[in-house]
Amino acid sequence: MTWRPMPLDRVKDLVRVADKIHPDLPESAEVFAERVKLFPDGCLGLFTSDSDHLCGYIVSHPIQRRHPPALDALLGQIAPGVDQYYVHDLAILPEVRGKGYAQQGLEKVLAVAKGYATTGLVSVYGTAAFWGRFGFRKGEVDEGLRKKLEGYGEDAVYLERENTDTSADREQ
């Protein structure tokens, strides 16, 4: 298995994985295709080397700090003056989990994120402890962000990490 740039013509496969992992948080193919077009450096696929089967993905891009997009919302553009990196989604099929692929992929996008002071994300399905291994902690949440989090489900938590944090490096 290898992480490599997500080709635009494989977005339908990405949606297949997303629908399997996030059945209660669906997003359209248009949302994922837009992210791949707008910020290809932050969009990776986990592919099998033998059959080129997509087994996972990471979608990430810059945003205004503490202003993640609403679920299933188009960005239109990467806004001028963005000041935070954002991990929109990391999803890996259950049959290939537990082999270090999440860490490998996350390290790749966190290398891109080093151009920003912080990286943020919305943790769902009780995954905050997983993200904590990479230096993510609960971030400050104002009323606007709190309302946006409601669209991500009851257990959604906004997390941030300082990009100078070397937690991911210590995991190796």
Side-chain angles (χ1 to χ4, degrees), residues 3-46 54-93 102 105-106 108-128 130-132 134 136-163:
W3 286 101
R4 60 179 199 254
M6 176 60 68
L8 194 53
D9 66 354
R10 298 297 298 271
V11 168
K12 68 178 178 349
D13 297 325
L14 186 156
V15 172
R16 176 188 49 81
V17 173
D19 288 348
K20 186 171 185 176
I21 303 301
H22 303 299
D24 298 329
L25 301 171
E27 291 194 278
S28 69
E30 291 79 19
V31 165
F32 289 117
E34 181 194 53
R35 301 301 195 278
V36 171
K37 286 180 195 172
L38 289 175
F39 203 77
D41 289 346
C43 299
L44 305 174
L46 178 62
L54 182 71
C55 295
Y57 64 86
I58 297 176
V59 174
S60 61
H61 53 83
I63 62 168
Q64 288 297 123
R65 188 169 188 198
R66 297 187 180 122
H67 290 281
L71 191 64
D72 200 33
L74 295 171
L75 298 176
Q77 67 175 347
I78 301 295
V82 293
D83 59 356
Q84 182 177 52
Y85 202 74
Y86 180 68
V87 177
H88 178 82
D89 197 6
L90 164 61
I92 297 177
L93 292 173
L106 192 56
K108 288 180 180 290
V109 297
L110 290 177
V112 175
K114 286 185 178 181
Y116 301 86
T118 61
T119 297
L121 61 87
V122 177
S123 170
V124 295
Y125 305 134
T127 58
F130 165 81
W131 294 108
F134 302 96
F136 286 92
R137 304 286 178 257
K138 283 187 178 182
E140 185 178 314
V141 176
D142 63 16
E143 185 62 20
L145 181 52
R146 187 190 63 72
K147 285 185 178 197
K148 198 173 286 184
L149 289 174
E150 290 174 1
Y152 283 83
E154 290 181 17
D155 67 343
V157 179
Y158 179 72
L159 304 175
E160 284 187 342
R161 91 187 275 278
E162 297 293 325
N163 286 332

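Side-chain contact between Thr119 and Gln84 is absent, with no heavy atoms from C-beta onward closer than 4.5 Å. With contacts defined as side-chain heavy-atom distances shorter than 4.5 Å, the pair Tyr86/Val122 qualifies. Using a 4.5 Å cut-off on side-chain heavy atoms (C-beta onward), Gln64 and Asp83 make contact. Annotation: side chain of Leu90 is in contact with side chain of Phe130 (closest heavy-atom distance under 4.5 Å). The shortest distance between side-chain heavy atoms of Leu121 and Pro68 does not fall below 4.5 Å.
Between atom CZ of residue Arg137 and atom CZ of residue Arg161 there is a gap of 10.0 Å, rounded to the nearest 0.5 Å. Separating the CG atom in Leu75 from the CZ atom in Phe39 is a distance of 11.5 Å, to the nearest 0.5 Å. Taking OH of Tyr57 as the reference point, atom CZ of Arg10 lies at 14.5 Å (rounded to 0.5 Å). To the nearest 0.5 Å, atoms CZ (Arg35) and CD (Glu30) are separated by 11.5 Å. In this structure, CD1 in Ile63 is found 11.0 Å from OH in Tyr85, a value given to the nearest 0.5 Å. Rounded to the nearest 0.5 angstrom, His22 NE2 and Lys20 NZ are separated by 13.0 Å.
A salt bridge does not link Lys37 to Glu34: none of the charged side-chain nitrogens sits closer than 4.0 Å to a carboxylate oxygen.
Of the options Leu54, Asp19, Asp89, a side-chain contact (heavy atoms from CB on, under 4.5 Å) to Leu14 is made by Leu54 and by none of the others.
Closest approach of Tyr152 to Pro69, counting heavy atoms only: OH-O, 2.7 Å. Here the closest non-hydrogen pair linking Asp72 and Pro26 is CB-O, 3.9 Å. Listed here is the closest heavy atom pair of Val124 and Ala156: CG1-CB, 4.4 Å. For the pair Leu25 and Gly153, the tightest heavy-atom approach, listed with the atom from each and the gap, is CD2-N, 4.4 Å. Val87 and Ser60 get closest at one heavy-atom pair: CA-CB, 3.9 Å. For the residue pair Ala70 and Lys148, the shortest heavy atom distance occurs at N-CD, 3.8 Å.
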Practice problem: Give the intermediate values and the outcome of side-chain contact (heavy atoms from CB on, under 4.5 Å) for residues Val31 and Leu74. | Solution: CA-CA 5 Å; Val31 165; Leu74 295 171; 4.0 Å; yes
Exercise. Please assess Leu44 against Arg4 for the test side-chain contact (heavy atoms from CB on, under 4.5 Å), listing each intermediate value before the final yes or no.
Key: CA-CA 5 Å; Leu44 305 174; Arg4 60 179 199 254; over 6 Å; no
Exercise. In sequence, state the C-alpha distance, the side-chain angles, and the governing distance for Leu93 and Arg16, and then conclude on side-chain contact (heavy atoms from CB on, under 4.5 Å).
Key: CA-CA 10 Å; Leu93 292 173; Arg16 176 188 49 81; 4.3 Å; yes
Exercise. Determine, step by step, whether Tyr116 and Arg65 satisfy the side-chain contact (heavy atoms from CB on, under 4.5 Å) criterion, reporting the C-alpha distance in whole Å, the side-chain angles of both residues, the deciding distance to 0.1 Å, and the verdict.
Key: CA-CA 10 Å; Tyr116 301 86; Arg65 188 169 188 198; over 6 Å; no
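Classified by interplanar angle (parallel below 30°, tilted 30° to 60°, perpendicular above 60°), the ring pair Trp131/Phe136 is perpendicular.
Asp155 places a side-chain N or O within donor-acceptor distance of the main-chain N or O of Tyr125, the cut-off being under 3.5 Å.
More than 12 heavy atoms of other shown residues, nucleotides or ligands fall within 6.0 angstrom of atom CD in Glu143.
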